[in-house]
**Q** 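Encoded as structure tokens, here's the structure I'll be asking about.
In what follows, chains carry the letters A, B, and so on, assigned in the order in which the sequence lines appear, proteins first and then strands, with residues in each chain numbered from 1. Since this is a predicted model, take the numbers as computed values, not measurements.
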Amino acid sequence: MTDSIKVRAKVTGGVTEVKALINHTMETGLRKDAKTGQLIPAHFIQEVTCTHNGENVLTAQWGVAISKNPYLSFKFSGAKAGDTLKVSWVDNKGETDSVETKIS
Amino acid sequence: MNTTRRKFLKTSAMTGAAVATIGTGILAPRHAMAAWSKAAFDATDVNAALTGSYGNTDMTNSNDIEIKAPDIAENGAVVPVSVSSKIAGTESISILLPGNNTPLAATFTLSSRTEGFVSTRVKMSKTADVVAVIRANGKLYTAKKEVKVTIGGCGG
């Protein structure tokens with residue numbers, strides 16, 4: 001599950017803007033398979049955690065209403081260029097992925 | 001010869017991915033899962049979702065919350081929503097979609113360094129309000145914006 005997260009963090013005027021895109025099906029559990037007519041089981045990201053230099057800056061808890069291949073953006077202060085930002089997610093099947101990036 | 005090589009690379013890459021998935025599944029942090037409120041996300045009405053997330057439903061309408069979303073969304077599967085709060089001490093931002101089967105879409109917990117702003121994309125099954133609920137200093141504040149949906153985005 002590597003490379004499921006694309007993240008960009010840029011600091012301007014002391015405020016870091018983070019933009020992240022995650023590759024994930026985000027199945028609601030309400031959709032039917034066109035061939036078999038069976039419901040496709042729910043498979044969605046439940047929690048996204050963002051940490052700056054090891055300190056939590058944002059925790060997102062998601063339900064099935066978040067779109068496929070989720071997009072997330074937020075802003076925080078107190079970071080400088082070169083700092084490490086880590087983004088990780090866990091889905092309802094216990095699958096997980098994380099990525100670290102340098103703030104630019 | 002090229003095709004064989006390509007096939008080999010593809011197979012080995014897939015096996016690698018599968019192994020990685022199984023490995024991470026076992027090591028998934030359990031404490032993180034516990035924080036996710038099933039009661040709130042499975043709730044079928046707004047009040048139950050709020051009770052599950054925040055323990056109460058006493059909210060104040062606020063003009064300091066701005067919801068940015070399209071007036072008309074052609075595709076309900078991808079509706080961009082941004083919420084910004086000018087309320088001092090904003091601790092968390094929830095996005096609720098009363099038109100969906102389960103209204104609670106997301107709850108973002110902010111640190112003291114994080115600005116009262118989040119942006120994401122949500123699925124909407126039909127024309128309905130987008131409701132933002134913000135907790136600041138232990139109180140709940142709310143605002144809403146209607147989005148007209150042309151094609152619903154919840155499957156079926």
**Q** Measuring heavy-atom distances to chain A, does B:L110 have an atom under 4.5 Å in its side chain, in its backbone, in both, or in neither?
**A**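 Backbone plus side chain of B:L110, per the 4.5 Å heavy-atom cut-off to chain A.
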**Q** Under a 4.5 Å heavy-atom cut-off, does chain B meet the side chain of A:V64, its backbone, both or neither?
**A**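 When you check distances to chain B, atoms from both the backbone and side chain of A:V64 fall under 4.5 Å.
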**Q** Can you say whether B:V79 sits under 4.5 Å from chain A via the side chain, the backbone, both, or neither, judging by heavy atoms?
**A**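 The backbone, not the side chain.
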**Q** Under the 3.5 angstrom rule, does the side chain of A:N53 hit a backbone N or O of A:T84 as a donor-acceptor pair?
**A**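 Yes: the side chain of A:N53 pairs with the backbone of A:T84.
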**Q** Among the options A:S67, A:G63, A:A20, pick out the one with the most heavy-atom pairs lying under 4.5 Å from chain B.
**A**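 Maximum pair count with chain B is reached by A:S67.
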**Q** Evaluate the side-chain proximity of B:Y141 to B:N61: yes if any heavy-atom separation is below 4.5 Å, no if none is.
**A**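 The answer is no, as the side chains (C-beta and beyond) never meet within the 4.5 Å cut-off.
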**Q** Report which part of A:K19 has an atom under 4.5 Å of a heavy atom belonging to chain B: side chain, backbone, both, or neither.
**A**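 When you check distances to chain B, no heavy atom of A:K19 falls under 4.5 Å.
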**Q** Would a 4.5 Å heavy-atom cut-off, applied to side chains only, mark A:Q46 and A:Q61 as touching?
**A**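 No. Closest side-chain heavy atoms not under 4.5 Å.
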**Q** Under 4.5 Å heavy-atom distance to chain A, tell me which part of B:F41 shows up: side chain, backbone, both or neither.
**A**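 Only the side chain of B:F41 comes within 4.5 Å of chain A.
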**Q** For A:I22, is it the side chain, the backbone, both, or neither that has a heavy atom closer than 4.5 Å to a heavy atom of chain B?
**A**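 A:I22 has no heavy atom closer than 4.5 Å to chain B.
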**Q** Check the pair B:S82, B:S119 against side-chain hydrogen bond (donor to acceptor under 3.5 Å, both in side chains), reporting the backbone distance first and the verdict last.
**A** CA-CA 4 Å; B:S82 294; B:S119 179; 3.0 Å; yes
**Q** Tell me whether A:N92 contacts the main-chain N or O of A:A42 through its side chain, where contact means a donor paired with an acceptor under 3.5 Å.
**A**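 Yes, the answer is positive, given that a donor and an acceptor are paired below the 3.5 Å cut-off.
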**Q** Counting only non-hydrogen atoms closer than 4.5 Å, does B:D42 touch chain A with its backbone (N, CA, C, O), its side chain (CB onward), both, or neither?
**A**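 For B:D42, neither part sits under 4.5 Å from chain A.
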**Q** For A:H52 and A:F76, what are the C-alpha separation, side-chain angles and deciding distance, and is it a ring-ring contact (aromatic ring centres under 6.0 Å, His included)?
**A** CA-CA 9 Å; A:H52 161 242; A:F76 70 96; 5.3 Å; yes
